[in-house]
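Here the structure is laid out as structure tokens; the discussion comes afterwards.
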Amino acid sequence: MSLMSSNVENKVVVITGASSGIGEATAKLLAENGAKVVLAARRTAKLHSIVAEIEAEGGTATCRAVDVTDADDVEALVYFAKNTYGRIDVMFNNAGVMPLSPLAELKIDEWNKMIDVNIRGVLNGIAATLPLFKEQGGGHIINTASIGAHLVSPTAAVYCATKYAVWAISDGLRQESRDIRVTMVSPGVTETELGNDITDDSAKGFLGELRKTALSPISIAWSVLYAIAQPDSVDINEIIVRPTASAY
């Protein structure tokens with residue numbers, strides 16, 4: 001257990017998008033540092049496998065299927081976590097999708113999917129946890145944005161728009177809060193399953209070139225651990241993590 005664990009140990013952390021990539025890496029790292037993690041995603045078989053790995057290493061974890069676009073489903077997840085461990089300390093709104101394409105391709109269904117998952121999913125996570133955090137007198141909301149929350153690239157206009165929205169929502173919540181910490185993590189190019197749903201060949205090629213220099217998901221997990229580990233009076237508002245050798 002690392003020196004960073006003192007304000008992480010025994011915290012209850014709910015993680016959406018936890019079946020792979022950043023969510024999976026973060027769940028494992030936080031569990032290693034003493035947190036009780038609740039993994040959520042659509043792929044339950046993968047979730048159960050990760051929970052088994054964490055428990056085999058002596059960690060504490062459970063899981064539940066969730067569709068982040070369904071507000072009732074997210075609320076049920078939050079109350080499942082509370083009923084299991086007695087409270088919730090951190091909500092990590094990490095689920096996201098990235099089917100990139102040029103606007104002229106008019107992939108409207110894909111635009112709507114990004115809006116639903118990347119924006120509504122974050123709002124649903126916030127809405128489900130704020131009442132509990134107010135009741136507890138504190139809590140921590142962490143939202144996964146992207147380098148796309150800070151700059152726009154061709155084929156990524158709608159994706160970037162959703163991540164700019166995550167930035168705005170996060171900063172608005174931060175300004176409105178006095179006892180709730182709010183952190184936005186913006187990963188640069190990271191080797192994850194994000195983008196596996198791209199149907200446009202030009203966008204697929206663009207992402208493939210970018211990922212020739214990419215971060216490992218554990219790099220982002222360390223950032224999340226760092227934010228949680230700070231004293232409760234310290235709120236790490238924004239973290240941008242890029243590969244050293246890449247502009248993105």
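Excluded from the calculations below are hydrogen atoms, water molecules and symmetry mates; all remaining heavy atoms, backbone and side chain alike, are included.
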side-chain contact (heavy atoms from CB on, under 4.5 Å) between Leu47 and Ser19, worked out = CA-CA 5 Å; Leu47 291 177; Ser19 60; 4.1 Å; yes
request  = Answer yes or no: are there more than 12 heavy-atom neighbours, outside Arg43 itself, under 6.0 Å from its atom CZ?
outcome  = yes
query = What is the minimum heavy-atom distance between Thr162 and Asn118, and which atoms define it?
reply = OG1-ND2, 3.2 Å
query = Hey, is the main chain of Leu29 close enough, under 3.5 Å, to the side chain of Asn33 for a donor-acceptor pair?
reply = yes
ask   = How about Ser177 and Phe133: do any of their side-chain heavy atoms sit closer than 4.5 Å?
value = no
message = Contact between His48 and Cys63 at the side-chain level, heavy atoms closer than 4.5 Å - yes or no?
response = yes
request  = Give a yes or no answer on whether the side chain of Asp179 reaches the backbone of Lys134 with a donor-acceptor pair at less than 3.5 Å.
outcome  = no
inquiry  = Determine whether a donor-acceptor pair (N or O, by modelled atom type, separation under 3.5 Å) exists between the side chain of Asn94 and the backbone of Thr144.
reply    = no
remark   = Arg242 meets the salt bridge (Lys or Arg N to Asp or Glu O under 4.0 Å) criterion, sequence neighbours left out, with none
request  = Nearest 0.5 Å please: distance from the CD atom of Gln136 over to the CD1 atom of Ile88.
outcome  = 7.0 Å
message = To the nearest 0.5 Å, what is the distance between CG on Asp232 and CD1 on Ile180?
response = 12.5 Å
inquiry  = Are Thr62 and Phe80 packed together at the side-chain level, in the sense that at least one heavy-atom pair is separated by less than 4.5 angstrom?
reply    = yes
query = Does any non-hydrogen side-chain atom of Tyr85 lie less than 4.5 Å from one of Thr60?
reply = yes
key: side-chain contact (heavy atoms from CB on, under 4.5 Å) between Leu130 and Leu173, intermediate numbers included   = CA-CA 10 Å; Leu130 278 185; Leu173 180 60; 4.1 Å; yes
message = Using a 3.5 Å distance criterion without hydrogens, assess whether the side chain of Thr26 forms a donor-acceptor pair with backbone atoms of Gly23.
response = no
inquiry  = Between the side chains of Glu32 and Lys28, is the shortest nitrogen-to-carboxylate-oxygen separation below 4.0 Å, so that they form an ion pair?
reply    = no
inquiry  = Can a donor-acceptor pair be found, under 3.5 Å and without considering hydrogens, that links the side chain of Thr16 to the backbone of Ala95?
reply    = yes
ask   = Would you find more than 12 non-hydrogen atoms of other residues, nucleotides or ligands less than 6.0 Å from Glu57 atom CD?
value = no
ask   = Under a 4.5 Å side-chain heavy-atom rule over Ile, Leu, Val, Met, Phe, Trp and Tyr, are Val152 and Met114 clustered together?
value = no
task = Please say whether more than 12 non-hydrogen atoms of neighbouring residues, nucleotides or ligands are located less than 6.0 Å from CH2 in Trp111.
result = yes
key: For Arg64, all residues meeting salt bridge (Lys or Arg N to Asp or Glu O under 4.0 Å), sequence neighbours excluded   = none
ask   = Under 4.5 Å between side-chain heavy atoms, hopping through other hydrophobics if needed: is there a path connecting Ile115 to Tyr164?
value = no
ask   = Is Arg174 reaching over with its side chain to a backbone N or O of Asp235, donor-acceptor style, under 3.5 angstrom?
value = no
inquiry  = With a 4.5 Å cut-off on side-chain heavy atoms, are Val241 and Pro187 touching?
reply    = no
ask   = Is it true that a side-chain atom of Asp89 and a backbone atom of Val13 form a donor plus acceptor pair closer than 3.5 Å?
value = no
request  = Might you work through the side-chain contact (heavy atoms from CB on, under 4.5 Å) test for Val38 and Lys36, ending with a clear yes or no?
outcome  = CA-CA 7 Å; Val38 180; Lys36 300 171 182 177; over 6 Å; no
ask   = Taking Thr183 as the fixed residue, which of Gln230, His140, Glu238 is the one that meets the side-chain hydrogen bond (donor to acceptor under 3.5 Å, both in side chains) rule?
value = His140
ask   = To the nearest 0.5 Å, what is the distance between CD1 (Ile142) and CD1 (Ile239)?
value = 8.0 Å
query = What are the two closest non-hydrogen atoms of Ala149 and Ser186, and how far apart are they?
reply = CB-OG, 4.4 Å
message = Between the side chains of Asp73 and Arg120, is the shortest nitrogen-to-carboxylate-oxygen separation below 4.0 Å, so that they form an ion pair?
response = no
key: From Ser49 atom OG to Glu24 atom CD, the distance as rounded to the nearest 0.5 Å   = 8.0 Å
request  = Measure across Ala18 and Ile15 and return the closest heavy-atom pair with its distance rounded to 0.1 Å.
outcome  = CB-O, 3.4 Å
task = Grab the two heavy atoms, one from Val14 and one from Ala81, that are nearest each other, plus how far apart they are.
result = CG2-CB, 3.6 Å
remark   = Interatomic distance, OH@Tyr248 vs NE2@His150, rounded to 0.5 Å, equals 14.5 Å
ask   = Any donor-acceptor pair under 3.5 Å linking the side chain of Arg181 with the backbone of Val234?
value = yes
inquiry  = Checking Asn7 against Ile228 for the side-chain contact (heavy atoms from CB on, under 4.5 Å) test, could you report, in this order, the C-alpha distance in whole Å, the side-chain angles of both residues, the deciding distance, and whether it holds?
reply    = CA-CA 7 Å; Asn7 203 31; Ile228 295 172; 5.9 Å; no
ask   = Are any side-chain N or O atoms of Thr190 and backbone N or O atoms of Gly188, one a donor and one an acceptor, separated by less than 3.5 Å?
value = yes
ask   = Taking the side chain as C-beta and beyond, is there a heavy-atom pair between Ser153 and Leu151 under 4.5 Å?
value = yes
message = The criterion is side-chain contact (heavy atoms from CB on, under 4.5 Å); which residues satisfy it with Glu110, sequence neighbours excluded?
response = Pro99, Ser101, Lys107, Thr199
ask   = Could you give the distance from CD1 (Ile126) to CD1 (Ile169), rounded to the nearest 0.5 Å?
value = 6.0 Å
key: Non-hydrogen side-chain atoms of Leu215 and Pro243 separated by less than 4.5 Å   = yes
query = Is any side-chain heavy atom of Val68 less than 4.5 Å from a side-chain heavy atom of Asn124?
reply = no
request  = Over all heavy atoms of both residues, which pair between Ser146 and Lys163 is shortest? Give the atoms and the distance, please.
outcome  = CB-CG, 3.7 Å
message = Restricting to non-hydrogen atoms, name the atom on Glu55 and the atom on Ala61 that form the minimum distance, rounded to 0.1 Å.
response = OE2-O, 3.3 Å
